[in-house]
Amino acid sequence: MAGALYGRPRRGPGAGGRGPGSYNRPTMPTPAPEELETLRHSAAHLMAAAVCELFPGAEYAIGPAIADGFYYDFLLPGDRRLSAEDLPPIEARMREIASRRPAFERVELGREEALEAFRRSGQRFKVEIIEALPADERITCYRTGDFFDLCRGPHVPDAGAIPAFRLLHPAGAYWRGDERRPMLQRIYGTAWLTAAELEAHLQRLAEAERRDHRRLGRELDLFSTGEELGGGLILWHPNGAMVRSLVEDHWRAAHQAGGYQLVYSPHVAREQLWATSTHLQFFADDMYGPVDVDGVPYRLKPMNCPFHILIYRSRMRSYRELPLRLAELGTVYRNERSGVLHGLLRVRGFTQDDAHLFCTPEQMPEEVRRAVAFSREMLAVFGFRDLLVELSTRPEKAAGSAEQWAAAEAVLRQVLDTEGLEHRLDPGGGAFYGPKISLYVRDALDRPWQCATIQFDFIQPENFQLEYIGADGTPHRPLMVHRTLLGSLERFLGVLIEHYAGAFPLWLAPVQCRLITVGDEQLPYARTVAERLRAAGLRVDVPDHPGERMQLKIRQGELQKIPYLGIIGQREVAAGSVSLRDTRTKVQASLAVEALAERLRVEAQRRG
RNA sequence: GCCCAGAUAGCUCAGUGGCAGAGCACUUCCUUGGUAAGGAAGGGGUCCCGGGUUCAAAUCCCGGUCUGGGCUCCA
């Protein structure tokens, strides 16, 4: 049960409620400087002013500055919905208003006065906001031309002082984020101090689009999804399966070297097991319905922990065999709501790189420290060294005693100190069964992604009555920690694809070197070179469609982001060499076959 | 789940009541070429699925599925 967050994309720390795409595509967590924030908030006002002019009677809700931009939520007359075509006229009206340079005029009102003003203009959301403010709070409003809004400020001097902005896209958003309340029309925009910065930001958005793992997944023939298959399910094609299996091979080897024992567990289990683990009680909405097996209900597994617990409990355990570390690449199924599915990043069937640590209380600090250090090593292999760390503490509703929580949180804090990791607090963000550490990687575009979580669990050892016999000969209850390093393989591969923009480092490339002949006569030689390289453990292919021109094959190799292309013509056959083209640097070099094999073999060893 | 948008050849997309299209890809033939697209011909369609309106539906209407942008949920 713990570890339910495994495999789910989460906002990066500090990215809460951020701009476009913040949920699945978290943006930079660093707060915008105040100047930009003011500018963006003023741009939101300007947009609201334009919307109110174009849609008389529009009600406006909230319009904050967010990372990289701003938004404003509206309820339009006649419950009008917005589509992308509505944006250009709104943006045009904004520019028109801005050209008149109306000032942002600050107005202070008494509470009753303000309530009266917004009641009169039919702004029920503003009335609700004011009613929720403390009675003694001074109410400030800003007037911009005809647009009057409740607002703390500050603002730029006038609406002409917003140098560069662009509306991006409309979206639906519930009032106060509550799905029982009205659905409002949100418009996202971005605003910057200079046109150059705006342009750079739009370039970044285009770059993120270019790196979209769904696009690259199709272009590089890595994986597919589809209507016939069903939402949230992934088919791994040979290229993607190769990358995944390389990641898995590394993962298994590292775990075996790191004192873990690998296990396997089935995809379904009797419903009664999920009752014991209390998943049926607390996680039922995410689980698929029962399957009848000889009159007994079974369920697809949403998590691996009950299985690992059964392995632990399969016989009497002595303190001498603790800590016990059981690890599995375990495929789980969760009934994610259709609207949240997203490529590889949010799916219904995924493989967690899961492990459960069972240990004595005395062993716990060292176990957690090892897990954190192990996570860092694992992520560094993929080039992720700059991590964001978050410590999630006791929520309001929590199982376990206050002492248990305090002790566990102290252990986590101590470990972060020992490891020299600066962290950010996520107060009340722990699961109800225990606190956790989350590690976020930052990808090539500096976007944070939650990968590793290390999470205490106070209740499963109770649910399953786990025991070990201590040195004193009496039974004790072990402590249990869930941990994952990559999150889920699906999501991690999605992150890797975007991080590398599809150009995998040599050790992960599905094809490491393609041998391209200038004419068909060189094919036999090319095949012997391929065999030599394969003998060195390299993944090599030789396209042999007769009559295909070298230029075309080079282009295809470039588009497929194959790291090395080896060109072979008469000269190379005569010299026993290969003309090597590095598709990343475009550098060309002529190498003897043995030198080529050695060079690629050495590079393919490199990680991180 | 909710709001909005979309679904037409393997891919990217045009077509908006009246003969189903383009580029790329694919097949065949010609071309044997030295570092990012040689030429020609050809094949390829349940216009997402189901229902309705109409003389006639890819096109209009209703329902569903999937996809995308958001929101929400996230033990």
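Keep in mind the model is a prediction, meaning the values are calculated, not measured. Note on naming: letters A, B, ... go to the chains in the order of the sequence lines (proteins, then strands), and numbering restarts at 1 for each one. When reading the values below, keep in mind they use all heavy atoms of this one structure, side chains included, and skip hydrogens, waters and symmetry mates.
- Spacing between rG68(B) and rC61(B) at atom P, rounded to whole Å, works out to 25 Å.
- No engagement by Gly430(A) is indicated, since no non-hydrogen atom pair under 4.0 Å with the nucleic acid exists.
- Nucleotide rC71(B) holds its P atom 12 Å from the CD1 atom of Ile62(A), rounded to whole Å.
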What string of B, S and - do you get for nucleotides 28-38 of chain B, 5' to 3', if B is base contact, S is sugar-phosphate-only contact and - is no contact with any protein heavy atom under 4.0 Å?
---BBBBBBBB

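- Between the CZ atom of Arg215(A) and the C1' atom of rC13(B) there is a distance of 14 Å, rounded to whole Å.
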Protein-nucleic acid N or O pairs under 3.5 Å, nucleotides 8-12 of chain B:
from: rC11(B); atom 1: O3'; to: Arg218(A); atom 2: NE; distance (Å): 3.3
from: rU12(B); atom 1: OP1; to: Arg218(A); atom 2: NH1; distance (Å): 3.2
from: rU12(B); atom 1: OP1; to: Arg218(A); atom 2: NH2; distance (Å): 3.2

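- With both ends at atom C1', the span from rC13(B) to rC47(B) equals 13 Å, rounded to whole Å.
- Within the nucleic acid shown, Gly343(A) comes within 4.0 Å of sugar-phosphate atoms alone, with no base atom in reach, counting heavy atoms only.
- Judged by distance alone, with hydrogens and angles left aside, Tyr174(A) brings a side-chain donor or acceptor within reach of the base of rG1(B), the pair sitting under 3.5 Å.
- In this structure, the CG atom of Leu341(A) is 14 Å from the C1' atom of rU72(B), given to the nearest Å.
- Note: CD (Glu390(A)) to C1' (rC74(B)) measures 14 Å, nearest angstrom.
- Within the 4.0 Å cut-off from OP1 or OP2 of rU67(B), not a single side-chain nitrogen or oxygen of His342(A) is found.
- Defined by atom type and a distance below 3.5 Å, a donor-acceptor pair is present between the side-chain atoms of Thr331(A) and Thr351(A).
- Between Arg346(A) atom CZ and rU72(B) atom C1' the separation is 11 Å, expressed in whole Å.
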